[in-house]
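Keep in mind that what you see is a predicted model, and the values were worked out from it rather than measured.
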Amino acid sequence: MKTTTRIFTALTLGLGMASVHAEQPTLKVCTAENEMPYSNQAGEGFENKLAHYVAEQLGRKLESIAWKDPRYFIRDYLDKGLCDVVMGVDYGDTRLYTTVPYYRSGYVFISREQDELDLQNWNSDALQTAKRIAFIPGTPAETMLRAIGRYSDMFNYQQELVGFKSKRNQYIKYDTEKLVNEVASGKAEVAVLWGPAAARYVQSSTTPLTMTVIPDNNQRADGEKVGFHYSTSMGVRKGDVALLEQLNTLIRNAEDDFAEILEAEGIPLLDEPDTALSMN
């Protein structure tokens, strides 16, 4: 009888442990292999922290799936089922289903506190007198530098800022930390960068820096609007409505927790526009 009892108890415990594991399915989250300050394989980015928080709140075990090339990770990872969730995508990205935004931020002017530059908008005199302005090509910063007639002045300097170039596919990468350090070291008077990408390095700089959010009322020479404020969401595969609804509920109910993680990073947070809120 005792032997039978021990066997029954062992089976019961085994089934109980299996039940616990069954209750905690895996959440596979796609994050970048080396795109700091967002994420890296060591889990040091703010999106790594957010992914851990999301998995924990959903009662799932986090499995991080690292991608290398930002151009193809949705097609090659999410769409093929290698991951369930993608962190840090533009709200409304048509390639996937996007959650309600978990933050909104903007591009910023970065300068040294000691220089006391008056940088309020793209009409600021400091942008006309600056000898070097650090920026990343293909961003709204380039568009507005062209609009104010300073792009050609910065062309040669901009080539010096390239941090990486893949020989295979000609993917060019700019290191945001390097661009912030250009200002901190005095090599450039101003940097124009996406706030979430720059905030960590502005915050950790030994040279006190000022970060000013650029207004979202800019236009090209032809009158077309140039956006400087954007909302960021998580993404799931098209058709995965159940997971989308779970994430939406979490984001709405844990707004303060998300803000706390992002504010600790120094990221400037903006209110969602009424038009976006009405769609959520």
Side-chain angles (χ1 to χ4, degrees), residues 29-32 35-40 44-51 53-54 70 85-93 96 98-111 119-122 124 133-145 174-180 183 190-205 209-218 225-235 247-248 250-252 254-280:
V29 179
C30 266
T31 52
E35 292 286 340
M36 290 297 284
Y38 302 105
S39 61
N40 63 9
E44 298 169 326
F46 69 85
E47 285 183 353
N48 293 125
K49 296 176 184 177
L50 289 167
Y53 174 79
V54 168
V85 180
V86 175
M87 302 299 296
V89 296
D90 289 337
Y91 174 59
D93 189 325
L96 67 177
T98 59
T99 65
V100 295
Y102 58 94
Y103 77 92
R104 183 174 178 82
S105 191
Y107 280 81
V108 296
F109 292 127
I110 299 168
S111 61
L119 288 164
Q120 299 299 321
N121 52 48
W122 284 98
S124 299
I133 300 174
F135 69 98
I136 297 175
T139 65
E142 177 184 330
T143 303
M144 291 309 299
L145 283 169
Y174 288 78
D175 186 346
T176 306
E177 183 177 15
K178 177 180 179 180
L179 271 63
V180 172
V183 176
V190 182
V192 188
L193 298 168
W194 174 236
R200 173 177 295 199
Y201 309 120
V202 170
Q203 191 168 247
S204 63
S205 173
L209 301 175
T210 297
M211 187 166 61
T212 304
V213 176
I214 300 171
D216 196 32
N217 58 355
N218 306 286
K225 178 179 171 60
V226 181
F228 274 79
H229 297 176
Y230 295 93
S231 298
T232 298
S233 302
M234 298 173 212
L247 293 171
N248 280 339
L250 171 59
I251 293 168
R252 291 188 180 105
E255 183 179 347
D256 290 344
D257 290 342
F258 279 92
E260 183 177 347
I261 294 171
L262 295 165
E263 287 171 350
E265 184 77 10
I267 294 173
L269 300 180
L270 305 172
D271 293 334
E272 288 292 335
D274 293 338
T275 52
L277 291 173
S278 66
M279 295 172 63
N280 297 339

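- Gln120 is linked by a side-chain hydrogen bond (donor to acceptor under 3.5 Å, both in side chains) to Asp118, counting only residues two or more places apart in sequence or in another chain.
- For Asn40, the side-chain hydrogen bond (donor to acceptor under 3.5 Å, both in side chains) partners two or more places apart in sequence, or in a different chain, are Glu44.
- With sequence neighbours excluded, the residues satisfying side-chain contact (heavy atoms from CB on, under 4.5 Å) with Ile261 are Lys49, Leu50, Tyr53.
- By the salt bridge (charged side-chain N to carboxylate O under 4.0 Å, His left out) test, Asp93 pairs with Arg95, sequence neighbours left out.
- In this structure, the side-chain contact (heavy atoms from CB on, under 4.5 Å) partners of Asp216, at least two apart in sequence or on a different chain, are Arg104, Lys225, Phe228, His229.
- The side chain to side chain donor-acceptor pair (under 3.5 Å) pairs that include a residue from residues 195-205 are Arg200-Glu265, where partners are two or more places apart or lie in different chains.
- Closest of all the heavy-atom pairs between Thr176 and Leu193 is CG2-CD1, 3.9 Å.
- The CD1 atom of Ile133 lies 12.5 Å from the CD1 atom of Ile110; values are rounded to the nearest 0.5 Å.
- The distance from the CD1 atom of Ile251 to the OG1 atom of Thr99 is 3.5 Å, given to the nearest 0.5 Å.
- Screening Val29, Val54, Val100, Thr98 against Met234 for a side chain to side chain contact (heavy atoms under 4.5 Å, CB included) leaves a single residue, Val54.
- Under the side-chain contact (heavy atoms from CB on, under 4.5 Å) criterion, Ala264 pairs with no residue, sequence neighbours left out.
- Residues passing the side-chain contact (heavy atoms from CB on, under 4.5 Å) test with Ser105 are Tyr103, Trp194, Pro196, Ile267, Pro268, sequence neighbours excluded.
- Residues meeting the ring pair (Phe, Tyr, Trp, His ring centres under 6.0 Å) test with Tyr230, sequence neighbours left out: none.
- Shown here are the salt bridge (charged side-chain N to carboxylate O under 4.0 Å, His left out) partners of Glu177, two or more places apart in sequence or in another chain: there are none.
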